[in-house]
Asks: 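Quick one: structure below, then a few questions.
Every value quoted in this text rests on a predicted model; they were computed, and no experiment measured them.
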Amino acid sequence: MQRFYTQLAQVLHTYTQVDPNLLTSLFEIPPDKSLGDIALPCFRFSKEWKKAPQAIAQEIASQVTHESLIERAVAQGPYVNFYLTRKIALTEVLDDVVQDRGVFTSNRGNSQTVAVDLSSPNIAKPFSMGHLRSTVIGTAISNLLASDGYNVLRINHLGDWGTQFGKIIVAYHAWGDPVLVQNNPITQLNALYVKFHEEALAHPELEDQARATFKRLEDGNEEDLALWRWMIDVSLAEFARMYTLLGTTFTHNLGESFYNDKMDAVVAELLQKNLLVTSDGAEVVMLDDISLPPCLIRRSDGATLYATRDLAAALYRHKELGASHLYYVVGNEQKLHFQQIFHVLSLLGYDFAASCYHIAFGMMRLDGRKMSTRKGQVVRLEDVVQEAISRARAIIEEKNPTLHDVEHVAQAIGVGAVIFNDLKTNRLHDIDFSLTNAVAFDGETGPYVQYTHARACSVLRKANVLQEDVSPSSMVTSWQNNHSDIDDPTWNLIKEISKASATRLRAIDEADPSLIAKHVLDVCQAFNYFYHECPILTAEAPVRALRLALTDATRVIIRASLVLLGLQHPAEI
RNA sequence: GUCCCAGUAGCUCAGUCGGAUAGAGCAACAGCCUUCUAAGCUGUGGGUCGGGGGUUCGAAUCCCUCCUGGGACGCCA
């Protein structure tokens, strides 16, 4: 659609002398399809031209007539509504898709390196629905950036360090059954963590023990370190199962502990640049210049803090990994923290601080409350995904019993439902977990998109188009000798497809995968309507060629969108 | 107490860099499979856009204020 805005602006510029960029920014899509394809509101010119907007609309509409792309222009009150020449527009849109003129790939990144911090679950805790958001949003953003020519580092910043390990080790020695823990590590370790907090209510001295135990771990006690390493191993094994299921991959698994030996250098650098101030015995960086509370670098007992670790991580990603842009897909509750980190980086004199982004999202809650591993109130992602997969399996057995590789497809659909449900609403909204919504297959869901894709594939399979590798443009060429008009369902689909390129760029600029999800839903709705209204295989030759070309373009757009969002796209479901 | 985010149909949400009668999906009801996958399509009902002011030719959208929910706020991460 953007390309038509540009072309129309050029045409109108010759009549009105108005800056084409202004025109492009004024264009909008009429509220009702019957009103036309592109509208120009004329209020803006009223003052300068000393005329009523209605009169201006009349005037512009009467001037614009025989332009190839513009079939006609109609004044409707203060608006000029433009109807595009469908045949010409159609050819351009399909050519864009076939030749990928910015539809699926672009190169604004120009091989610059960007580091995306995503997923980052905590060791020795179950992978909950709460971790789904960062994982799937981070994956989609990584895919989007890669499509724009960036070299993307996907970093899993595992929570593998901190006093919580002191707590677990204390609890393990006090109440742990080694055999039980060995057989079911995550569940048992988490149970011990929960028990620790219950017991600590009555026996506060446990907290001191935990701190002392963690100190011992930090000081390199071999027995504790062995237990800690073992917890990491079993946790990573469990996480790996989830990541395989979700189709998530990382280029780097760098936990918090990785930065243990890089903290002193950060403190030294802050000191050297005179940014550290002592306050109540702690060392902080004052951020009064942007009205933020101070950033704590070192506790009064000399230990470093979360902020110190994140500064070390940011500098590592920049200096050692060569990242010029840093993305952090982390919950909204850490907004202040990242504002502080980014500003400290800029006080240190790093220009890349301006290219650091906190991609925040709302909290996943359960029954209106925050999920809490301490209280044992969590929904395990695996349970939800398995439920979705078994529902998908049941539907396949009912509707398509002869399908090959049912297990693989059921998994693609079940996982797709869970991922898409999270991705389609990427606001800062908190989400109250709903199993019904998470595993829904009807309406605006992942399975609906996957179903539509399979439907398009099925048509193309029956037409032998996929096998013969006939290009859509050749199909269009054969159709263009035909004189029939393009009907509304076909035209609607063309217009939705034409938005793909601008949608992808906007999704990248706003780091918002939900824009892709919403757009692909629109494409699917337009295709299903077209599919219902317009017979494809049984149409006479030239029309059939056009409809097949359009079906193929749709299939390619849907597939690309699913890939960006991290969903699978089976050809048959 | 200070700051941040959110508040749109019974439910989940679009629309938020101001524009035409505020749109989808789910749920409810009514239709559509001898025809390309009915996980689909079509239709009906459903709204003080949290309240109140203001700016403007025009406000769900911008400004002010209040209400509600959530979050953050120096030695946890």
Asks: Is Ser514(A) touching bases, backbone alone, or none of the nucleic acid, heavy atoms closer than 4.0 Å?
Replies: nothing
Asks: If only atom types and distance count, is the side chain of Asn528(A) paired as donor or acceptor with the main-chain N or O of Cys524(A) below 3.5 Å?
Replies: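 Yes, Asn528(A) side chain to Cys524(A) backbone: donor-acceptor pair under 3.5 Å.
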Asks: State whether Lys499(A) and Asp522(A) are salt-bridged, where the test is any N-O pair (Lys NZ or Arg NE/NH1/NH2 against Asp/Glu carboxylate O) under 4.0 Å.
Replies: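 Not counted as a salt bridge, because no side-chain N and carboxylate O are separated by less than 4.0 Å.
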Asks: Can you tell me which nucleotide in G74(B), A77(B), A38(B) comes closest to the side chain of Val284(A)?
Replies: G74(B)
Asks: Report the distance from atom CZ of Arg555(A) to atom P of U37(B), rounded to the nearest whole Å.
Replies: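 After rounding, the gap between these two atoms is 15 Å.
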Asks: The side chain of Lys462(A) is closest to which nucleotide in this list: U37(B), A77(B), A20(B)?
Replies: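 Shortest atom-to-atom distance from the side chain points to U37(B).
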Asks: Is a side-chain donor or acceptor of Tyr328(A) paired with a backbone partner of Ala360(A) at a separation under 3.5 angstrom?
Replies: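 Side chain of Tyr328(A) to backbone of Ala360(A), a donor-acceptor pair under 3.5 Å: no, none is there.
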Asks: Is Cys534(A) touching bases, backbone alone, or none of the nucleic acid, heavy atoms closer than 4.0 Å?
Replies: base
Asks: Please give the distance between the C1' atoms of C26(B) and C63(B) as a whole number of Å.
Replies: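 Approximately 37 Å lies between the C1' atom of C26(B) and that of C63(B).
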Asks: Distance check: side-chain N/O of Tyr448(A) vs OP1/OP2 of A24(B), anything under 4.0 Å?
Replies: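 No, Tyr448(A) has no side-chain N/O under 4.0 Å of OP1/OP2 on A24(B).
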Asks: Hey, which sits more toward the 5' end of RNA chain B by its nearest nucleotide, Leu35(A) or Ala282(A)?
Replies: Leu35(A)
Asks: Considering only atom C1', compute the distance from G53(B) to A30(B) and round it to an integer number of Å.
Replies: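 Approximately 45 Å lies between the C1' atom of G53(B) and that of A30(B).
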Asks: Any ion pair linking Arg547(A) and Asp487(A) (charged N to carboxylate O, less than 4.0 Å)?
Replies: yes
Asks: Please list, chain by chain and in numerical order, all residues satisfying side chain to side chain donor-acceptor pair (under 3.5 Å) with Asp261(A), sequence neighbours excluded.
Replies: none
Asks: By nearest heavy atom, map Ile573(A) and Gly162(A) onto RNA chain B; which one lands nearer the 5' end?
Replies: Ile573(A)
Asks: Assign a letter to each nucleotide of nucleotides 4-10 of chain B from its 5' end: B, base within under 4.0 Å of a protein heavy atom; S, sugar-phosphate only; -, no contact.
Replies: SSS----
Asks: Quick one: is C36(B) close enough that its OP1 or OP2 comes under 4.0 Å of any side-chain N or O from Thr538(A)?
Replies: no
Asks: Could you pull out all residues at least two apart from Asp422(A) that satisfy salt bridge (Lys or Arg N to Asp or Glu O under 4.0 Å)?
Replies: Arg133(A)
Asks: Nearest to the side chain of Glu333(A), which nucleotide is it out of A72(B), A20(B), A77(B)?
Replies: A72(B)
Asks: Within the structure shown, what part of the strands sits under 4.0 Å from Tyr529(A) by heavy-atom distance: base, sugar-phosphate, or nothing?
Replies: sugar-phosphate
Asks: Using only atom types and a distance under 3.5 Å, with no angle test, would you say the side chain of Arg544(A) pairs donor to acceptor with the backbone of Leu537(A)?
Replies: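 Answer holds: yes.
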Asks: Can you spot which of Leu40(A), Val74(A), Asp37(A) makes a side chain to side chain contact (heavy atoms under 4.5 Å, CB included) with Phe82(A)?
Replies: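 Considering Leu40(A), Val74(A), Asp37(A), a side chain to side chain contact (heavy atoms under 4.5 Å, CB included) with Phe82(A) is found only for Leu40(A).
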Asks: Which donor-acceptor pairs under 3.5 Å do the side chains of residues 44-54 of chain A make with protein atoms, sequence neighbours left out?
Replies:
| unit_1 | atom_1 | unit_2 | atom_2 | d |
| --- | --- | --- | --- | --- |
| Ser46(A) | OG | Lys51(A) | O | 2.7 |
| Lys51(A) | NZ | Glu59(A) | OE1 | 2.7 |

Asks: Would you kindly give the CD1-to-P distance between Ile29(A) and U21(B), to the nearest whole Å?
Replies: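 Atom-to-atom, Ile29(A) to U21(B), this comes out as 18 Å.
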Asks: Measure from the side-chain heavy atoms of Tyr451(A) and tell me the nearest of G25(B), A38(B), G70(B).
Replies: A38(B)
Asks: Out of A38(B), A24(B), G71(B), which nucleotide sits closest to the side chain of Glu444(A)?
Replies: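 Selected nucleotide: A24(B).
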Asks: Which ones in residues 292-305 of chain A lie close to RNA chain B, meaning a heavy atom under 4.0 Å from one of its atoms?
Replies: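 Per residue number, the list reads Leu296(A), Arg299(A), Ser300(A), Leu305(A).
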Asks: How would you label the contact of Pro30(A) with the nucleic acid (heavy atoms, under 4.0 Å): base, sugar-phosphate, or nothing?
Replies: base
Asks: Would you indicate what Glu572(A) reaches in the nucleic acid, counting non-hydrogen atoms under 4.0 angstrom: base, sugar-phosphate, or nothing?
Replies: base
Asks: So if I take every side-chain heavy atom of Asp442(A) and compare against G25(B), G40(B), U37(B), which nucleotide ends up nearest?
Replies: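 Minimum distance to the Asp442(A) side chain belongs to G40(B).
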Asks: Heavy atoms from C-beta onward define the side chain here; which of U37(B), G74(B), G70(B) lies closest to that of Asp430(A)?
Replies: G70(B)
Asks: Just checking, is any N or O donor in the side chain of Arg72(A) or Asn81(A) under 3.5 Å from an acceptor N or O on the other one?
Replies: no
Asks: Could you give me the stems involving RNA chain B, meaning stretches of three or more consecutive Watson-Crick or G-U wobble pairs whose two defining distances are both below 3.5 Å?
Replies: B:1-7 with B:67-73, B:10-13 with B:23-26, B:28-32 with B:40-44, B:50-54 with B:62-66
Asks: Strictly below 4.0 Å, N to O, side chains only: are Arg211(A) and Asp208(A) in salt-bridge contact?
Replies: yes
Asks: Is any N or O donor-acceptor pair between the side chain of Asn81(A) and the base of A20(B) shorter than 3.5 Å?
Replies: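 Under the 3.5 Å cut-off, the side chain and the base do form a donor-acceptor pair.
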Asks: Answer yes or no for Arg391(A) and Phe441(A): cation-pi contact, defined as NZ/CZ to six-membered ring centre under 6.0 Å and angle to ring axis within 45°.
Replies: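 No; the conditions do not both hold, so Arg391(A) does not lie above the ring face of Phe441(A).
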Asks: Do any N or O atoms from the side chain of Lys262(A) and from the backbone of Phe258(A) form a donor-acceptor pair under 3.5 angstrom?
Replies: yes
Asks: Please tell me which of the listed nucleotides, C73(B), G40(B), A20(B), lies nearest to the side chain of Ala39(A)?
Replies: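 Shortest atom-to-atom distance from the side chain points to A20(B).
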Asks: Please pick, from A38(B), A24(B), C75(B), the nucleotide with the shortest atom-to-atom distance to any side-chain atom of Asp280(A).
Replies: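 Per side-chain heavy atoms of Asp280(A), the pick is C75(B).
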Asks: Please classify the glycosidic conformation of C33(B) as syn (within 90° of 0) or anti (everything else).
Replies: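 Base orientation relative to the sugar is syn.
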